[in-house]
Peer 1: 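Take this structure, written in structure tokens, and hold onto it; I'll ask about it next.
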Amino acid sequence: MHARRCRRGRSWRSCSLSLRRRRSCSPWRARRLQGPQAPALRCRKISTRCARYQLLMVVDNGIVQVAVSKPQGQIIAVRYVDDTNLLYFNNDEISGGYWDVVWNFPGSGYPRGMNDMLDGTEFRVVSATEEQVELSFMRTYDPSRLNSIPLTVDKRLVMLRGGSGFYCYAIFEHAGGWPAVDVSEARLVFKLDPTTFNYMAVSDGIQRYMPGAADRDAPRAVPLAYKEAVLLVHPSEPQFAGEVDDKYQYSMDNKDNRVHGWIAGAGGGGGPVTVGFWVVTPSNEFKSGGPLKRELTSHIGPTSLTMFMGTHYIGKDMVAKIEAGEHWKKVMGPVFIYLNSNPQRGGFQALWEDAKAQAEVEASQWPYSFPLSPDFHRAGERGSVTGRLLVRDRYTTGGEDVPARLAYVGLAAPGQPGSWATESKVHRHAKNPPKLDEKFLDMLILVADLPWIQGYQFWTRASATGGSFAIGNVRAGEYNLYAWVPGVLGDYMRTDPVTVVPGVAVALGDLVFEPPRSGPTLWDIGVPDRSAAEFFVPDPNPRYLSKLFVARDKYRQYGLWERYAELYPAGDPVFTIGVSNPFKDWFFAHVTRKTGNGENVPTTRRIRFNLPRVAGGGTYTLRIALAAAHMSKLKVQVNGATGKGPAGGVFLTPEFGDDNAIARHGEHGRWWSFEFPIDGRLLVQGENTIGVTQPRASSVFVGVMYDYVRLEGPPGWDSGVTSSAGLGKILPLGLLCGLVVLPTLIFLLSK
């Protein structure tokens with residue numbers, strides 16, 4: 001470690017070591033230098049004229065140089081290849097790189113919450129060797145400060161010798177005796193230099209040149225139905241004219257969000273070489289909501305961020321509600337900020353492929369061995385869980401157990417089936433600590449202080465053939481094991497908790513999932529895959545076209561909620577079982593209809609079907625699974641009946657849903673499942689109709705998205721009907737895909 005103080009007022013360049021000489025080798029090679037070839041790490045304390053900050057800490061490994069404010073912990077500058085700052089910093093707290101949270105006191109008068117930038121008040125050099133530098137910027141809760149969030153937050157920055165980037169993580173803690181607090185968002189944000197970064201990549205199919213932030217402002221743009229969406233009318237580059245920009249168009253599920261970022265100088269802009277700035281998430285164990293939680297990634301700014309906690313696409317049930325006096329602690333991260341470059345200007349696809357490869361390297365090294373916080377558990381402090389998941393459905397598998405191919409299997413806090421999808425935090429210790437076998441006791445020095453539950457989740461996919469699964473590197477604790485199987489309705493939870501002990505592999509053996517089922521399938525619509533993507537997604541209004549989503553992911557287009565009334569001006573269509581095609585005839589979102597006077601009115605889905613014979617004294621079951629819902633109700637009406645409940649033929653659910661997925665261009669949000677028992681005397685031999693109405697119409701964004709609809713006959717009843725699709729069985733591999741879970745809700749009476 002080399003440290004020196006620069007005289008006050010000297011520029012960054014004059015205070016820093018020469019970087020160009022050490023970077024004269026190929027940037028592709030420089031980022032991989034290891035061992036004796038790699039320059040030693042340097043950490044310096046530099047005075048600055050910056051009004052907000054008195055000191056900067058500069059960390060430099062000869063490849064990347066990072067300047068951080070002391071003691072606040074805001075990242076002021078990142079330099080790579082040359083002395084150009086890759087970040088946009090204007091001496092403001094929401095520039096450069098920063099952590100922040102959105103929070104509230106329960107029951108307060110701040111409906112939208114308060115924002116806290118988590119500025120550190122205590123600085124500490126945790127490690128300073130030629131192999132690694134780790135810095136700590138801690139902010140301790142101060143009850144004397146008005147509206148101070150009752151959390152202690154320790155922000156960490158780590159740089160390794162020879163690494164082409166740096167790591168960020170933070171430890172959030174709420175101590176006993178502190179007041180209650182609700183945390184709705186926790187994130188790490190990077191604002192990049194808008195004069196050089198012009199190409200954004202989120203996935204193989206979602207990447208493009210981007211407009212500038214100024215193009216979102218009047219008169220270059222006009223606002224649309226909500227503040228995040230604007231129509232570009234006079235952008236600085238004519239190629240973007242007529243397109244909609246909205247950050248939610250680029251959101252991704254946690255399971256798919258391994259790397260995203262920006263490229264400077266792509267296609268001729270910027271400096272002498274193209275440079276990539278990437279946010280790499282090596283593990284999702286520290287993110288709320290599990291693998292199917294959708295969140296923001298990169299968007300116009302240029303901005304790249306990591307959402308550790310957030311309510312997007314789920315709603316208020318994702319808010320972390322920390323109780324007064326509760327002791328809670330969680331490690332957020334680390335995430336890796338990776339930098340790469342190409343000596344040949346352009347070549348942005350090569351940078352993207354390299355970033356993906358580096359993301360795989362980071363994932364393979366998880367859990368990292370270098371973080372020095374004792375709250376981050378290394379490999380030796382973790383265990384593993386293995387088993388095999390089977391599906392038993394007497395109406396589709398003949399009562400035989402079949403492998404749950406490619407099932408999503410995970411460990412999360414003890415709860416109810418599907419509770420992992422809204423889990424954001426749990427107590428430090430379980431209410432009923434797990435009982436340990438005596439053979440494990442000698443492995444635990446302080447059993448009573450083991451952090452059994454802290455809100456982490458660990459997920460994998462079962463094998464494509466036998467349904468076997470292995471979940472590795474699990475933090476010690478007590479969990480429930482959850483699962484759901486693409487192509488199978490419902491979700492699984494192992495009744496007995498799973499206790500994970502450091503260094504121990506827990507073998508669960510064969511587990512059997514019996515999905516919800518009352519009788520044989522008479523007909524079904526869709527695929528039980530937690531998504532509405534297989535239904536009819538219309539082309540957008542040409543006025544609001546986003547060119548990136550013409551050939552793929554059309555649900556990401558703006559304004560599709562208006563297309564329903566435009567496509568069906570004469571009224572709601574009827575879906576006829578055995579004739580209609582879900583891909584063409586079932587609109588993916590159940591939305592309202594805007595009338596000529598601008599009023600929103602409810603719409604109804606009518607399902608027409610034939611029954612060769614009816615069990616008059618039996619009970620039929622209608623199952624409706626929803627991929628998303630926002631401020632909605634469902635009213636189910638059988639053959640125009642007017643009575644309430646199973647015998648009356650009319651069912652009305654309470655209001656539910658808060659995910660806003662329709663407005664935010666999702667094909668899923670929070671998953672819901674409903675079960676409606678129908679008295680057989682309401683059905684007739686021959687033609688029948690079931691109507692499903694979403695009666696709330698306060699907004700164009702109120703509505704639901706369907707996942708799957710199924711009508712079952714009475715148990716053991718031979719109705720003479722051949723199932724229309726047979727989709728209650730496990731799907732072929734090519735159709736397997738994913739989303740979110742909640743226990744089935746059964747409605748016997750109208751409200």
Side-chain angles (χ1 to χ4, degrees), residues 1-3 12-13 15-35 37-44 46 56-69 73-89 96-97 127-135 156-169 188 190-193 196-197 259 261-265 270-280 282 304 333-343 351 354-355 357-359 361-362 365 368 370-371:
M1 167 59 58
H2 301 273
W12 171 287
R13 186 172 300 177
C15 289
S16 302
L17 297 178
S18 172
L19 303 181
R20 290 176 176 168
R21 177 172 54 83
R22 285 182 282 120
R23 292 188 182 127
S24 60
C25 59
S26 165
W28 290 101
R29 179 174 178 271
R31 67 178 179 81
R32 294 186 172 91
L33 288 179
Q34 301 292 332
Q37 300 181 78
L41 279 162
R42 298 174 182 267
C43 182
R44 294 183 297 286
I46 299 179
L56 298 181
M57 295 303 300
V58 179
V59 187
D60 184 348
N61 68 356
I63 300 171
V64 178
Q65 190 180 77
V66 179
V68 192
S69 65
Q74 183 176 0
I75 299 175
I76 304 300
V78 175
R79 287 176 164 81
Y80 172 76
V81 176
D82 58 26
D83 285 351
T84 302
N85 186 4
L86 301 181
L87 302 183
Y88 169 73
F89 180 71
S127 171
T129 70
E130 292 192 348
E131 299 299 323
Q132 172 176 339
V133 167
E134 180 162 345
L135 306 179
R156 300 289 184 99
L157 185 143
V158 180
M159 185 178 287
L160 304 180
R161 182 174 184 173
S164 188
F166 56 97
Y167 299 85
C168 297
Y169 71 107
L188 172 64
F190 288 92
K191 302 287 189 178
L192 307 182
D193 180 3
T196 58
F197 285 95
V259 58
W262 288 79
I263 296 175
V273 298
T274 52
V275 172
F277 185 103
W278 309 102
V279 177
V280 175
S304 286
V335 295
F336 182 45
I337 308 305
Y338 176 59
L339 305 170
N340 60 5
S341 61
N342 191 338
L351 292 181
D354 177 66
Q358 186 62 35
V361 171
E362 298 297 323
Q365 296 174 348
Y368 293 135
F370 57 81

Peer 1: Just how far is it from atom CD1 of I76 to atom CG of L56, taken to the nearest 0.5 Å?
Peer 2: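 Here the rounded value is 6.0 Å.
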Peer 1: Do side-chain atoms of D60 reach the backbone of Q65 as a donor and acceptor pair under 3.5 angstrom?
Peer 2: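 No, D60 side chain to Q65 backbone: no donor-acceptor pair under 3.5 Å.
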Peer 1: Find the distance between OH (Y338) and CG (D354) and round it off to the nearest 0.5 Å.
Peer 2: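 Going from OH on Y338 over to CG on D354, the span is 3.5 Å.
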Peer 1: Got V58 and V66 here, is their nearest side-chain heavy-atom distance under 4.5 Å?
Peer 2: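 Of all side-chain heavy-atom pairs linking V66 with V58, none is under 4.5 Å.
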Peer 1: Quick one: list whatever passes side-chain hydrogen bond (donor to acceptor under 3.5 Å, both in side chains) with W262, sequence neighbours left out.
Peer 2: none
Peer 1: Please name the pair of heavy atoms, one in E130 and one in R161, separated by the smallest distance, quoted to 0.1 Å.
Peer 2: O-CD, 3.3 Å
Peer 1: For N342 versus V273, what's the shortest heavy-atom pair and its separation?
Peer 2: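 Heavy atoms of N342 and V273 come nearest at O-CB, 3.2 Å.
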Peer 1: Calculate, to the nearest 0.5 Å, the distance between atoms OG and CZ belonging to S304 and F277 respectively.
Peer 2: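 Result: 6.5 Å between the selected atoms.
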Peer 1: Are L87 and D193 close enough that some pair of their side-chain heavy atoms sits under 4.5 Å apart?
Peer 2: no
Peer 1: Rounded to the nearest 0.5 Å, what's the gap from OH on Y169 to CZ on R156? Could you check?
Peer 2: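 Output value for this atom pair is 4.5 Å.
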Peer 1: Go through L157 and I75 one step at a time and tell me if the side chain to side chain contact (heavy atoms under 4.5 Å, CB included) criterion holds.
Peer 2: CA-CA 10 Å; L157 185 143; I75 299 175; 3.9 Å; yes
Peer 1: Taking all non-hydrogen atoms of both residues into account, name the closest pair between V133 and A128 and its distance.
Peer 2: CG2-CA, 4.3 Å
Peer 1: May I ask you to decide if G163's main-chain N or O and N61's side chain share a donor-acceptor pair within less than 3.5 Å?
Peer 2: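 It does hold such a pair.
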Peer 1: Side-chain contact test, heavy atoms from C-beta onward, threshold under 4.5 Å: evaluate it for Q132 versus L160 and give yes or no.
Peer 2: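 A side-chain contact exists here, since the closest heavy-atom pair is under 4.5 Å.
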Peer 1: I'd like to know whether L86 forms a side chain to side chain contact (heavy atoms under 4.5 Å, CB included) with F197, so could you lay out the CA-CA distance, the side-chain angles of the two residues, the decisive distance to 0.1 Å, and finally the verdict.
Peer 2: CA-CA 8 Å; L86 301 181; F197 285 95; 4.1 Å; yes
Peer 1: Backbone N or O of V78 within a donor-acceptor pair of the N85 side chain at under 3.5 Å?
Peer 2: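 Between the backbone of V78 and the side chain of N85 there is a qualifying donor-acceptor contact (under 3.5 Å).
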Peer 1: Indicate yes or no: at least one non-hydrogen side-chain atom of Q358 is less than 4.5 angstrom from one of N340.
Peer 2: no
Peer 1: Could you report the tightest heavy-atom contact between M159 and G165, atom names first, then the distance?
Peer 2: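 In terms of heavy atoms, the two residues are closest at CG-O, 4.0 Å.
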Peer 1: Which residues pass the ring-ring contact (aromatic ring centres under 6.0 Å, His included) test with Y167, sequence neighbours left out?
Peer 2: F336, Y368, F370
Peer 1: Between P334 and P371, which heavy-atom pair has the shortest distance, and what is it?
Peer 2: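 So the two residues come closest at CG-CG, 4.0 Å.
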Peer 1: A side-chain contact here means heavy atoms from C-beta on lying under 4.5 Å apart; do V68 and V59 qualify?
Peer 2: no
Peer 1: Closest heavy-atom contact between L188 and C168?
Peer 2: CD2-CB, 3.7 Å
Peer 1: State whether the side chain of S164 and the backbone N or O of L339 hold a donor-acceptor pair below 3.5 Å, judged by distance alone.
Peer 2: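 Flag set: sc S164 to bb L339 pair under 3.5 Å.
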